[in-house]
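For the single chain, residues carry numbers from 1 onward in sequence order.
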Amino acid sequence: MYFPLEKGIPSENQIQIELVDSVKRIFLIPKRWYIVNTNDTSFNYIFKETDYKKTLKDLCITETLYNIDEIYDQFNSTGILPWFPDNVKVLLK
């Protein structure tokens, strides 16, 4: 089942939702990624992981910074995030 963003035939980049249980109104929503522009807080929604990674590379964001699970584990063990300035990292150690 498609709920297209625009009328007509759904394209590859449109949200595709599947109805799982019509009585309980349960839907299956696919994975999606988004990038927040911190200058104006606008969102860029992306529906393919490959497009997401390409966009991040185009923005010169290293893979370390967008692997949120790895960053979370690192922060839990050290209390330090990769983008902290060096002087703050020294104070927190």
Side-chain angles (χ1 to χ4, degrees):
M1 175 178 282
Y2 295 99
F3 292 94
L5 300 176
E6 299 173 4
K7 291 182 179 180
I9 299 172
S11 73
E12 174 175 34
N13 291 327
Q14 289 179 326
I15 299 173
Q16 300 173 9
I17 300 173
E18 290 192 38
L19 180 62
V20 177
D21 186 334
S22 63
V23 175
K24 295 181 182 178
R25 295 183 182 173
I26 298 173
F27 294 90
L28 179 62
I29 302 172
K31 282 185 173 182
R32 58 198 175 272
W33 295 264
Y34 63 92
I35 298 173
V36 179
N37 180 342
T38 57
N39 292 330
D40 61 6
T41 64
S42 61
F43 293 88
N44 181 12
Y45 290 96
I46 302 169
F47 300 98
K48 287 185 173 181
E49 186 173 9
T50 54
D51 292 344
Y52 172 70
K53 288 183 178 185
K54 182 184 179 306
T55 302
L56 291 175
K57 285 182 182 179
D58 292 346
L59 294 170
C60 298
I61 298 173
T62 64
E63 187 171 340
T64 305
L65 294 179
Y66 63 83
N67 186 347
I68 195 67
D69 293 328
E70 185 178 316
I71 291 174
Y72 179 77
D73 292 340
Q74 178 185 350
F75 180 75
N76 273 340
S77 63
T78 66
I80 298 172
L81 292 170
W83 51 83
F84 285 178
D86 289 336
N87 61 338
V88 172
K89 290 178 182 178
V90 169
L91 291 171
L92 293 174
K93 286 186 178 182

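With rounding to the nearest 0.5 angstrom, the OG1 atom of T55 is 6.5 Å from the CG atom of N44. Atom CG in L56 sits 7.0 Å away from atom CD1 in I46 (nearest 0.5 Å). In this structure, CZ on F27 lies 10.0 Å from CG on D21, to the nearest 0.5 angstrom.
With a 4.5 Å cut-off on side-chain heavy atoms, I80 and K93 count as touching. The side-chain heavy atoms of I71 and L81, taken from C-beta on, include a pair separated by under 4.5 Å. No side-chain heavy atom of L91 sits under 4.5 Å from any side-chain heavy atom of F84.
In this structure, P82 and Q74 approach most closely via the heavy-atom pair CG-OE1, 4.0 Å. Scanning all heavy atoms of the two residues, the minimum distance from Y34 to Y52 falls at O-CE1, 4.2 Å.
Grouping the Ile, Leu, Val, Met, Phe, Trp and Tyr side chains by contacts below 4.5 angstrom, directly or via other members, places W83 apart from V90. Tracing side-chain contacts under 4.5 Å through hydrophobic residues (I, L, V, M, F, W, Y), one reaches F75 starting from I61; they form part of the same cluster.
Around the NZ atom of K54, the shell of radius 6.0 Å holds no more than 12 heavy atoms that belong to other residues, nucleotides or ligands.
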